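Below is one structure, written out as structure tokens; comments come after it.
Since the structure is predicted, the reported quantities are computational estimates derived from the model, not experimental observations.
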Amino acid sequence: ARTMLLAGGCSAARASRLGRRARALHSVGLVGAPFSKGQPRDGVEKGPDLIRGAGLVEKLRGQGCAVKDYGNVDFDDVSDDSPVGKVRRPRTVGLANQRLADAVKAIKEDGYVSVMLGGDHSLAIGSILGHAASQKGLSVVWVDAHADINTPLTTPTGNIHGQPLSYLIKELHCKIPAVPGLSWIKPCVSADDIVYIGLRDLDPGEHYILKSLGIKAYSMTEVDRLGIAKVMEETCEHMFSRGKKPIHLSYDIDAIDPTVTPATGTPVVGGLTYREGIYITEVIHQTGLLSALDMVEVNPKRGKTDDEIKSTVDTAVDVVLGCFGRTREGSHPPNYSVPQPSKMS
């Protein structure tokens, strides 16, 4: 099944070309985005340095990647950032994403695959916009328990980490009211170029948007019914039917079941297993088209023990490594047995 996925059932020569593209993906430009204002829980801003501290750069280099760490983007709070309708902190989130978009664009112009370490998922606005500014047309694979496609009018919470895709989709542009701090955003992705994997907690407005736009989406029900290999085969077929566009993989750690990644802001039971979560990255790598990656929503303050935090951070590292060619042959995933309570250091 994996061979069919890689080559799409076509010639060895085409598979070889994909392999050459995959080798070219081993230049990684890393940028940290320690930002938490797209949602109400602090701690997620610590994610980038925790992921780095778990040896990400060294492990990437150990598997043959050339890595340039661009450091962390500096973010500022905007004074008098009162809500606009339901939307919370729009000016602060907007400014942060402008800065991140510039950083990602610079990484792409330097010839690297951009890896953005978040921070909350509102940062996908800047990451995808910066990516789109350097590439003509993108495919977006959104791995998440949540659709994050509420508009300012449908959002039940006002938190922008539940809205980023709505600002980026061309077909939704007429549904987005002008919001101070966010009106600079120009949609850059077509609904047909988006695939969701792992959904299991959608708001009513999101259900309606997904159905009305016909966005390809695999809930956990579909993952259970089809199996992750079939889901990824269909995902690749869908993307390739639109042409071989650069892939932006936006990966929320809460896509994986909270028994494995509990240290995150909005965990939802019944998620992807560790193996399913890593398999997604392996297939994306094999396409040879990965051009940017978001790894977001690791929040150490939401872990109850040191072991819960470590399990979440280590899995985030493994997700990134899988995107750049790490294989599991001859190795084993970390031991994610239920940890005993321990005192936080």
Side-chain angles (χ1 to χ4, degrees), residues 31-48 72-105 116-133 140 142 144 146-189 191 194 201-206 208-210 213 248 250 252 254 264-266 294 296-297 299:
V31 62
F35 183 77
S36 66
K37 303 302 184 181
Q39 49 83 60
R41 299 177 177 91
D42 65 343
V44 73
E45 72 281 357
K46 299 181 182 296
N72 289 343
V73 179
D74 290 326
F75 299 116
D76 296 320
D77 285 340
V78 176
S79 60
D80 191 24
D81 194 4
S82 56
V84 177
K86 290 183 179 179
V87 180
R88 301 182 181 189
R89 301 183 178 124
R91 301 162 190 86
T92 300
V93 174
L95 178 60
N97 277 289
Q98 282 183 303
R99 292 183 179 176
L100 179 60
D102 290 341
V104 170
K105 182 182 177 184
M116 185 273 285
L117 305 177
D120 70 62
H121 217 164
S122 70
L123 294 162
I125 295 172
S127 182
I128 292 175
L129 283 170
H131 188 190
V140 175
W142 196 275
D144 201 327
H146 311 89
D148 294 348
I149 200 171
N150 272 304
T151 73
L153 302 178
T154 67
T155 174
T157 66
N159 299 322
I160 299 178
H161 79 155
Q163 304 171 45
L165 267 175
S166 72
Y167 296 96
L168 298 170
I169 296 173
K170 297 173 183 177
E171 293 87 345
L172 277 179
H173 186 54
C174 63
K175 304 293 185 183
I176 305 297
V179 178
L182 301 172
S183 57
W184 60 275
I185 299 169
K186 294 183 179 179
C188 60
V189 178
I194 298 168
D201 184 16
L202 274 65
D203 297 316
E206 293 180 307
Y208 176 79
I209 291 169
L210 291 181
L213 295 183
H248 190 111
S250 200
D252 189 321
D254 73 21
T264 188
T266 50
D294 306 328
V296 298
E297 297 284 359
N299 188 336

Which residue pairs satisfy the salt bridge (charged side-chain N to carboxylate O under 4.0 Å, His left out) criterion with at least one member in residues 91-101, sequence neighbours excluded?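 Every pair satisfying salt bridge (charged side-chain N to carboxylate O under 4.0 Å, His left out) with a residue in residues 91-101: Asp76-Arg99, Asp81-Arg91.
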
Summary of salt bridge (charged side-chain N to carboxylate O under 4.0 Å, His left out) pairs that have at least one residue in residues 150-178, sequence neighbours excluded: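 Listed once each, the pairs would be none.
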
Work out which heavy atom in [X] is nearest to a heavy atom in [Y]; give both atom names and the distance.
{"X": "Ala103", "Y": "Val73", "result": "CB-CG2, 4.0 Å"}
{"X": "Leu182", "Y": "Gly94", "result": "CD2-CA, 3.7 Å"}
{"X": "Ala96", "Y": "Phe35", "result": "CB-CE1, 3.5 Å"}
{"X": "Leu123", "Y": "Gly118", "result": "CD1-CA, 4.1 Å"}
{"X": "Leu95", "Y": "Val78", "result": "CD2-CG2, 4.1 Å"}
{"X": "Pro156", "Y": "Asn150", "result": "CD-ND2, 3.7 Å"}

Heavy-atom donor-acceptor pair, [X] side chain to [Y] backbone, under 3.5 Å:
{"X": "Asp120", "Y": "His161", "result": "no"}
{"X": "Asn97", "Y": "Gly126", "result": "yes"}
{"X": "Thr92", "Y": "Arg89", "result": "no"}
{"X": "Ser122", "Y": "Ile160", "result": "no"}
{"X": "Asp203", "Y": "Gly205", "result": "no"}
{"X": "Glu45", "Y": "Gly43", "result": "yes"}

Within a strict 4.5 Å, meaning less than it, do heavy atoms of the [X] and [Y] side chains meet?
{"X": "Met116", "Y": "Val296", "result": "yes"}
{"X": "Leu165", "Y": "Ile194", "result": "yes"}
{"X": "Trp142", "Y": "His121", "result": "yes"}
{"X": "Glu206", "Y": "Thr154", "result": "no"}
{"X": "Pro90", "Y": "Pro180", "result": "no"}
{"X": "Pro187", "Y": "Tyr167", "result": "no"}

Supply the atom-to-atom distance [X] [atom1] to [Y] [atom2], rounded to the nearest 0.5 angstrom.
{"X": "Ile128", "Y": "Cys188", "atom1": "CD1", "atom2": "SG", "value": "6.5 Å"}
{"X": "Thr264", "Y": "Asp252", "atom1": "OG1", "atom2": "CG", "value": "5.5 Å"}
{"X": "Glu297", "Y": "Asp148", "atom1": "CD", "atom2": "CG", "value": "7.5 Å"}
{"X": "Ile176", "Y": "Ser183", "atom1": "CD1", "atom2": "OG", "value": "12.5 Å"}
{"X": "Ile149", "Y": "Leu202", "atom1": "CD1", "atom2": "CG", "value": "9.0 Å"}
{"X": "His173", "Y": "Thr151", "atom1": "NE2", "atom2": "OG1", "value": "13.5 Å"}

Distance only, no hydrogens: is a donor on one side chain within 3.5 Å (strictly under) of an acceptor on the other, for Ser250 and Asp294?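 Short answer, yes.
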
So, Asp254 versus Thr266: side-chain donor-acceptor pair below 3.5 Å or not?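 The criterion, which ignores hydrogens and geometry beyond distance, is satisfied for Thr266 and Asp254.
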
Is there a side chain to side chain contact (heavy atoms under 4.5 Å, CB included) between Leu129 and Trp184? Walk through the geometry before answering. CA-CA 11 Å; Leu129 283 170; Trp184 60 275; 3.6 Å; yes

Which label fits His248 and His131: parallel for a plane angle under 30°, tilted from 30 to 60°, or perpendicular past 60°?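 Answer is tilted, since the angle falls between 30° and 60°.
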
Starting from the C-alpha separation in whole Å, work towards a yes-or-no answer on side chain to side chain contact (heavy atoms under 4.5 Å, CB included) for Ile169 and Leu213. CA-CA 10 Å; Ile169 296 173; Leu213 295 183; 4.3 Å; yes

Side chain to side chain donor-acceptor pair (under 3.5 Å) partners of Thr157, counting only residues at least two apart: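 With sequence neighbours excluded, Thr157 shows a side chain to side chain donor-acceptor pair (under 3.5 Å) to Asn159, given in chain and number order.
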
